[in-house]
**Q** 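For reference, the structure I am asking about is given below.
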Amino acid sequence: MYLPVEGIRVMNQQRGVPPLLIPETKYFSMHVSIAPKDLEAAQRAMSCHHTQFTPETLQRVLPAQASAWNGSIAFTPGLGGAGGTDLFR
């Protein structure tokens, strides 16, 4: 699962800056485009996890996902290597 820093802040507003290590932006070399239907599917999937997310959390997080991801999800290659736009090539 990938949550950008903005997503973590929205999920738990009292926490402030995430206390965990998040890679620097320059290392996110894989950028996979997402369409509105992908975002809708992600939101439906997240809504299924009743034990992990309260209804209040979902009300904050789901609307923020679109702006946090801004049309693409960024990944860092696990073993180095080239970036790109397709995880399966």
Side-chain angles (χ1 to χ4, degrees):
M1 179 170 145
Y2 165 72
L3 290 173
V5 173
E6 298 84 3
I8 295 170
R9 286 184 182 135
V10 169
M11 191 171 298
N12 189 343
Q13 296 170 331
Q14 297 81 7
R15 180 180 287 165
V17 176
L20 50 116
L21 179 62
I22 296 177
E24 293 180 37
T25 303
K26 67 182 179 182
Y27 296 115
F28 287 89
S29 58
M30 176 66 66
H31 298 271
V32 179
S33 296
I34 56 172
K37 65 180 177 125
D38 300 320
L39 185 59
E40 291 167 10
Q43 291 175 344
R44 283 193 309 275
M46 192 172 177
S47 296
C48 291
H49 296 276
H50 302 287
T51 61
Q52 295 174 324
F53 304 107
T54 66
E56 296 79 20
T57 299
L58 290 174
Q59 286 178 339
R60 287 193 316 270
V61 172
L62 296 181
Q65 284 180 330
S67 63
W69 284 331
N70 196 26
S72 71
I73 297 179
F75 297 93
T76 58
L79 301 173
T85 59
D86 189 334
L87 288 174
F88 303 106
R89 288 191 192 174

**Q** Using 0.5 Å steps for rounding, measure from the CD1 atom of Ile73 to the CD1 atom of Ile34.
**A** 4.5 Å
**Q** How long is the span from the OG atom in Ser33 to the NE2 atom in His31, to the nearest 0.5 Å?
**A** 10.0 Å
**Q** Which residue, Thr85, Asp86, Leu87, forms the side-chain contact (heavy atoms from CB on, under 4.5 Å) with Val32?
**A** Leu87
**Q** Taking all heavy atoms of Tyr27 and all of Thr76, pick out the closest pair and write down the distance.
**A** O-CG2, 3.2 Å
**Q** Output every pair passing salt bridge (charged side-chain N to carboxylate O under 4.0 Å, His left out) with a member in residues 27-42, not counting sequence neighbours, ordered by first then second residue.
**A** none
**Q** Return a table of donor-acceptor pairs under 3.5 angstrom between the side chains of residues 53-60 and protein atoms on other chains or two or more places apart.
**A**
from	atom 1	to	atom 2	distance (Å)
Thr54	OG1	Glu56	OE1	3.4
Thr54	OG1	Thr57	N	3.1
Thr54	OG1	Thr57	OG1	2.9
Arg60	NE	Val10	O	2.9
Arg60	NH2	Met11	O	2.5

